[in-house]
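Heads up: the structure comes next, in structure tokens.
Reminder, nothing fancy here: chain letters follow the sequence lines and each chain counts from 1.
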Amino acid sequence: MQYNHQEIEKNWQKYWAENQTFKAENNSEKPKYYVLDMFPYPSGAGLHVGHPLGYIASDIYARYKRHKGFNVLHPQGYDSFGLPAEQYAIQTGQHPAKTTEENITTYRRQLDQIGFSFDWSREVRTSNPEYYKWTQWIFIQLFNSWYNKDTDKAEDISTLEKVFKKEGNQNVNAVCDEDVKSFSADEWNAFSKTEQEEILLQYRLTFLSDTEVNWCPALGTVLANDEIVNGVSERGGHPVVRKKMTQWSMRISAYAQRLLDGLETIDWPQPLKDSQTNWIGRSQGAMVTFKVDNGSIKESSAIKLSYKELEALKELRQNSTKAETTLWNQLKNKKGASKFRRKYTIGAFLVDYVCVSKNLIVEFAAKEDEAARTAYFYNEGFNVIRFTNEEVLKNVEKVVSEINFAIQFPKVSVKDTAKKEVEKNENQYKIDVFTTRPDTIYGVSFMTLAPEHELVSKITTDAQKAEVEAYIEATAKRSERDRMADVKTISGAFTGAYAIHPFSGEKIQIWIGDYVLAGYGTGAVMAVPCGDQRDYDFAKHFNIPIPNIFEGVDISEAAHTDKEGTKIANSDFLSGLKYKKALKLAIFEMEKRGFGYGKINYRLRDAVFSRQRYWGEPFPVYYKDGMPQMIDAEHLPIVLPEVEKYLPTEDGKPPLGNATEWAWDSRAKKVVSNDKLKNKTVYPLELNTMPGWAGSSWYFNRYMDSNNEGEFASKESLDYWQNVDLYIGGSEHATGHLLYARFWQKFLFDKGIVPVDEFAKKLINQGMILGTSAFVYLVKPEIYADLRNRNNDGGINVITKKVFISSNKYETLKGDSKDLAQEIKKEIIEKYFPIQEDYVKIDIDVYKIHADISFVNNSEELDTVAFSNWFPEFKNAKFITEEDGTFKVSREVEKMSKSKYNVVNPDTICDEYGADALRLFEMFLGPLEQAKPWKTSGISGVYSFLKKLWKLYVSEDGVIVSEEKATKDELKVLHKTIKKVQEDIENFSFNTSVSTFMIAVNELTTLKCNKKEVLEPLLILLSPYAPHITEELWSKIGNNESISTAAFPIFDEKHLIESSKNYPISFNGKMRFTLELSLDLSKEEIEKIVLENEKTQEQLQGRTPKKIIIVPGKIVNIVG
RNA sequence: GCUCAAGUGGCGGAAUUGGUAGACGCGCUGGAUUCAAAAUCCAGUUCUUUCGGGAGUGUGGGUUCGAUUCCCACCUUGAGUACCA
């Protein structure tokens, strides 16, 4: 009987499915163990061999734990909402649900053939209404909660309302929006319902706000920070711009500290913890308030535009109407005193054209705020004339002559600045800064504000106005990306204003500079040039003094950024103190004097939760008087409506704006047609959908009780399974899924819904399996023909001809140089590109192009026939081969991808070698966490191992396993294997256990062992790795039950005890020979035997050893 | 720039309380079997050598009787992150 993997694997997969072998119960005598894989997004391309790596590892562990007597939960499902299905729908009109269903069918078939021990009865799909019902439910819970900093947990919003009613919000210590105004109980009670709702929204854990979002025009949606890589979208690499939109957000910042603290309690990979720590970005320091010097606030016509407004205007500038362009073409040529500028800002207004020297504004008529503009412009001393689009388009000459007339005969004679009303603020301006080094406050020699800082316009003096304005505009023109890319250039401008140092009372200059970011901290810094390199560079560049406040430190070349071990000097009460003490004292003094306090700052921003997409969870939200209302949980799920088109609507609404049945009837409690919106009790529903991470942030809890229709999951099941014991998945989710899931888990824990506040105890990141791409070299001549004799099409034929050169041949010809030698080029041209005409110059370029790996055999030889038929343009390709006539490709390791033609499909592997071989091979490739290249040729090793294993049990005549007693050597092999395999599995070192199995089988084959006493336990050891063949052999040697719950063999030390040891005998640490010695010998005895040995004498050549080191059972080292 | 991880044969990789470097597998070479091939089996395979040996785990130092393993400096590669005050 031969090993027939196809038949065996099919049979056992059928058996497991029919017998529900891996179905887990929610209660058991056995201890529980929960093994989880990150569930896949079912993409249209199906699985390649890289995908199952993590699933195989977790499956081995799950099966091992079953053998070890655990009640194992090992579920699988699909993260089935997502962009690719939606984009496919946009292109083809195919409903995403349909594509998703089809893809899942493929995935399921591919997963099943690998023989995973999943409990499919618990499958979840995030796009199923029965599932997302509970995603919506969690959203409602978040909406109905606020974060109480005093109790350090989320609480029901009703507790907050009670406090407001009783005492207003002065004493509430909550995580909330920054601009919450304070109110008393009376004020609260006097607020209208809408006003109250607006205020509560500022406290809720999910809230609506106008946020600057990352808008991706190409995808038509908003992206989270972690969905952007290097300024472009992670998916598709489209540009991303900042845009203001009303969006749902999640107050994840409330959990910043707990997310950080929780990392200490979980066994996750350090790099992953590091990146979460980094993402949360905690920094401890102080908030300090600097007053702006009164004298420096002059009467000033402020720059009225903030940076953000400038940005918005800039965008407008790019879209000119036809009339605007027509008129500009006429005006732009005016020179000198009548020069016009286009789209220029006057105060807070963007005017179409302005002639600054003549105080004349030219605008298109019918702007909304015309009256206000006119008033302002006159006040500022400008004359305004307006034209309609029609006038310009009809007769632009007439318009221009009117403008010329206005320039010559201005209506308002002089710009009268004296009239201007200037608000005099009595020292109102304060600048708050966050610093991690309050101990260096005496080193402050200037302050820097972000150009976007709101105070900039208010404090800039007249003298500096032009410079500051120019700088702001220059910064505005640079994109976020440019600013980040260019960190070397130092730029900034002095505002002319001064701040007062809170301790010393000295006047310090206030600058603006783009190295200060508006989005972090307060958008302002106190600059300590001696202690911060950026401040130092800035000070050097602009010649600002750099006071030294460190004792005995040279700062002539660079800032001194070390804090430990340095004493502070020249700092009044801080002088002579070291970092830690100075820090504490500085904060203490600030708090005492009332201009600062200790503070912890986090980089973590609240997470935007709205997506302008179709294929996601709809919000259980409708709008009444503009305020969001939750739909009662009993009416969930709110099912995704059908739409005609999956694109955003023409007026820019999200795709759900296309739905005709998308209104909430608050009386009938159901979704109704939009026609009914005119009714009083019918309201519009939310048009956004939830982001991809919504469904994946809690699915691990759903598996515990996935078919429960009445609850998120029953309390009993949650209490029983608690959390995931082992979670396996890719590291790319470090700051996305894994952070959000931890956040939701903590929230659910606060609300008493789940019993633990970390969802996964241990996490392993499996490494990527890379593809081995094949390349062929395309020879491309560049021939410069003599044009005088050239006929028309000769040259073109030559160029389109495809000639490939074999890899080794190319390398040889090339030699050490970068290019082919001139004479070789000439030879190739003459042989492969014969042309009639004379050429004046030739050159050859060699290009590397991907070849599909299916055309290449194990010896790197290309099937040139198959390759020629691959694409029509290769039809008549010529191949410059090696001397032996073969054509070789070159290889390179890259990410597995369709576009690189290096994808290996597990289907073909399972077909040819079987799932057991695939499983073993994927584990054998290398350590689980490590990235490693796939080479199909290597699989023959594990395949012949399986055949060898088979032969131990079955010969041509049938089963050969005997009941005979095993020999000592045979038992030794077995127990050695038990020990190693058990250790390896527990250390997740699956690659080494595969080699242990190979060694065991090789040794047992040599021993010709066929004893059941050894061979039966061996099957259990191997069954987590190769479940099909072991089930088959298990039943062949007389077992009726599945092997999956057989008890793991117990290691017995006694079989490994040795009586002697083959000692390595080293001289000066280098091993020269070995000597078999009894382990009973004492040190002295060993020394005597070794020294007497003739080989030792030979090594010593008469010298006397200085020292002899003997470690019994280990080594002998002779020095001298 | 910063942080982290890693550098071992032709290739994937093994070996850490410091104790025989290269397990296991691929590939390659030779042989057996076969009409032949596949499959299978046997032997060899770090480099070098004058066949005695000698060198060798990215490079240079150090600690040690002994270092792939520990320490210092540097180089290279990969990952993450980036003006975070």
Between [Y] and [X], do the side chains contain a donor N or O and an acceptor N or O under 3.5 Å apart?
X        : Y        : value
A:Glu892 : A:Ser773 : no
A:Tyr943 : A:Glu912 : no
A:Ser491 : A:Tyr471 : yes

Selected nucleotide, minimal atom distance to [X] side chain, candidates [options]:
X         : options                : result
A:Arg603  : B:rC24, B:rU20, B:rC84 : B:rC84
A:Lys1114 : B:rG19, B:rC83, B:rU20 : B:rG19
A:Tyr515  : B:rU17, B:rU20, B:rC83 : B:rC83
A:Arg1072 : B:rC24, B:rU20, B:rG54 : B:rG54
A:Ile1115 : B:rC83, B:rU20, B:rC26 : B:rU20
A:Val1111 : B:rC24, B:rG19, B:rU20 : B:rG19

Using the [atom1] atom in both, what is the distance from [N] to [M], to the nearest Å?
N      : M      : atom1 : value
B:rU16 : B:rA23 : P     : 15 Å
B:rA67 : B:rG62 : C1'   : 11 Å
B:rC42 : B:rA15 : C1'   : 28 Å
B:rG18 : B:rC70 : P     : 8 Å
B:rU8  : B:rU57 : P     : 12 Å
B:rG58 : B:rU68 : P     : 9 Å
B:rC24 : B:rA14 : P     : 14 Å
B:rU29 : B:rU46 : C1'   : 16 Å

Any strand is fair game: report the nucleotide pairing with [N] by Watson-Crick or G-U wobble, both distances under 3.5 Å, or none.
N      : value
B:rG19 : B:rC65
B:rU29 : B:rA43
B:rG9  : none
B:rU81 : B:rG1
B:rU59 : B:rA73

(Q) Just to be sure I understand the rule, does A:Thr1074 reach a base, reach only the sugar-phosphate, or reach nothing, if contact means heavy atoms closer than 4.0 Å? (A) base

Q. According to the interplanar angle, ranging from 0 to 90°, do the rings of A:His501 and A:Phe290 count as parallel (below 30°), tilted (30 to 60°) or perpendicular (above 60°)?
A. perpendicular

If I take atom [atom1] in residue [X] and atom [atom2] in nucleotide [N], what distance separates them, rounded to the nearest angstrom?
X         : N      : atom1 : atom2 : value
A:Lys599  : B:rA85 : NZ    : C1'   : 13 Å
A:Leu272  : B:rA5  : CG    : C1'   : 14 Å
A:His5    : B:rA39 : NE2   : P     : 14 Å
A:Ile280  : B:rG80 : CD1   : P     : 19 Å
A:Ile769  : B:rG78 : CD1   : P     : 20 Å
A:Leu949  : B:rU40 : CG    : P     : 15 Å
A:Glu1003 : B:rC24 : CD    : P     : 9 Å
A:Arg891  : B:rC26 : CZ    : P     : 17 Å

Q) Is B:rG7 syn or is it anti, if syn means the base angle is within 90 degrees of 0? A)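 Anti for B:rG7; the angle lies over 90° from 0.
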
Q. Which way is the base of B:rG31 turned, syn or anti, if we draw the line at 90° from 0?
A. anti

Q. Heavy-atom contacts under 4.0 Å between residues 940-947 of chain A and RNA chain B, which residues?
A. A:Ser940, A:Gly941, A:Ser944, A:Lys947

Q. When the ring centroid of A:Phe595 is compared with that of A:Phe503, is the distance short of 6.0 Å?
A.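 They qualify: ring centres under 6.0 Å apart.
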
Identify each atom pair where a protein N or O and an N or O of nucleotides 62-65 of chain B are less than 3.5 Å apart, giving names and distance.
residue: B:rC65; atom: O2'; partner: A:Asn1117; partner atom: ND2; Å: 3.2
residue: B:rC65; atom: O2; partner: A:Asn1117; partner atom: ND2; Å: 2.6

(Q) Counting primed atoms plus P, OP1 and OP2 as sugar-phosphate and everything else as base, spell out the protein contacts along nucleotides 10-16 of chain B at 4.0 Å heavy-atom distance: B, S or - for each nucleotide, 5' to 3'. (A) --BSS--

Q.
Tell me whether A:Gln2 at atom CD has more than 12 heavy atoms from other residues, nucleotides or ligands lying less than 6.0 Å away.
A.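 Incorrect, the count does not exceed 12.
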
Q: Work out which heavy atom in A:Thr735 is nearest to a heavy atom in A:Ser275; give both atom names and the distance.
A: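 So the minimum-distance heavy-atom pair works out to CG2-O, 3.7 Å.
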
Kindly list each side-chain donor-acceptor pair under 3.5 angstrom involving residues 994-1005 of chain A, sequence neighbours excluded, with atom names and distances?
residue: A:Ser995; atom: OG; partner: A:Thr992; partner atom: O; Å: 3.0
residue: A:Thr996; atom: OG1; partner: A:Thr992; partner atom: O; Å: 2.9
residue: A:Asn1002; atom: OD1; partner: A:Lys948; partner atom: NZ; Å: 2.6
residue: A:Asn1002; atom: ND2; partner: A:Met998; partner atom: O; Å: 3.3
residue: A:Glu1003; atom: OE1; partner: A:Lys976; partner atom: NZ; Å: 3.1
residue: A:Glu1003; atom: OE2; partner: A:Lys976; partner atom: NZ; Å: 3.3
residue: A:Thr1005; atom: OG1; partner: A:Val1001; partner atom: O; Å: 2.6

Is there a donor-acceptor pair closer than 3.5 Å between any side-chain N or O of [X] and the backbone N or O of [Y]?
X         : Y         : result
A:Asp984  : A:Phe990  : no
A:Gln284  : A:Thr436  : no
A:Ser1060 : A:Glu1076 : no
A:Asn902  : A:Lys895  : yes

**Q.** Which residue lies more 5' along RNA chain B, comparing A:Pro271 with A:Phe434 via nearest heavy atoms
**A.** A:Pro271

**Q.** Sequence neighbours excluded - side chain to side chain donor-acceptor pair (under 3.5 Å) pairs with any residue from residues 530-539 of chain A
**A.**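 Only A:Tyr515-A:Asp535, A:Asp532-A:Arg534, A:Gln533-A:Asp537, A:Tyr536-A:Lys540 qualify under side chain to side chain donor-acceptor pair (under 3.5 Å).
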
Q | side chain to side chain donor-acceptor pair (under 3.5 Å) contacts touching residues 916-936 of chain A (sequence neighbours left out) | A | A:Asp59-A:Arg919, A:Asp916-A:His1028, A:Trp934-A:Thr936

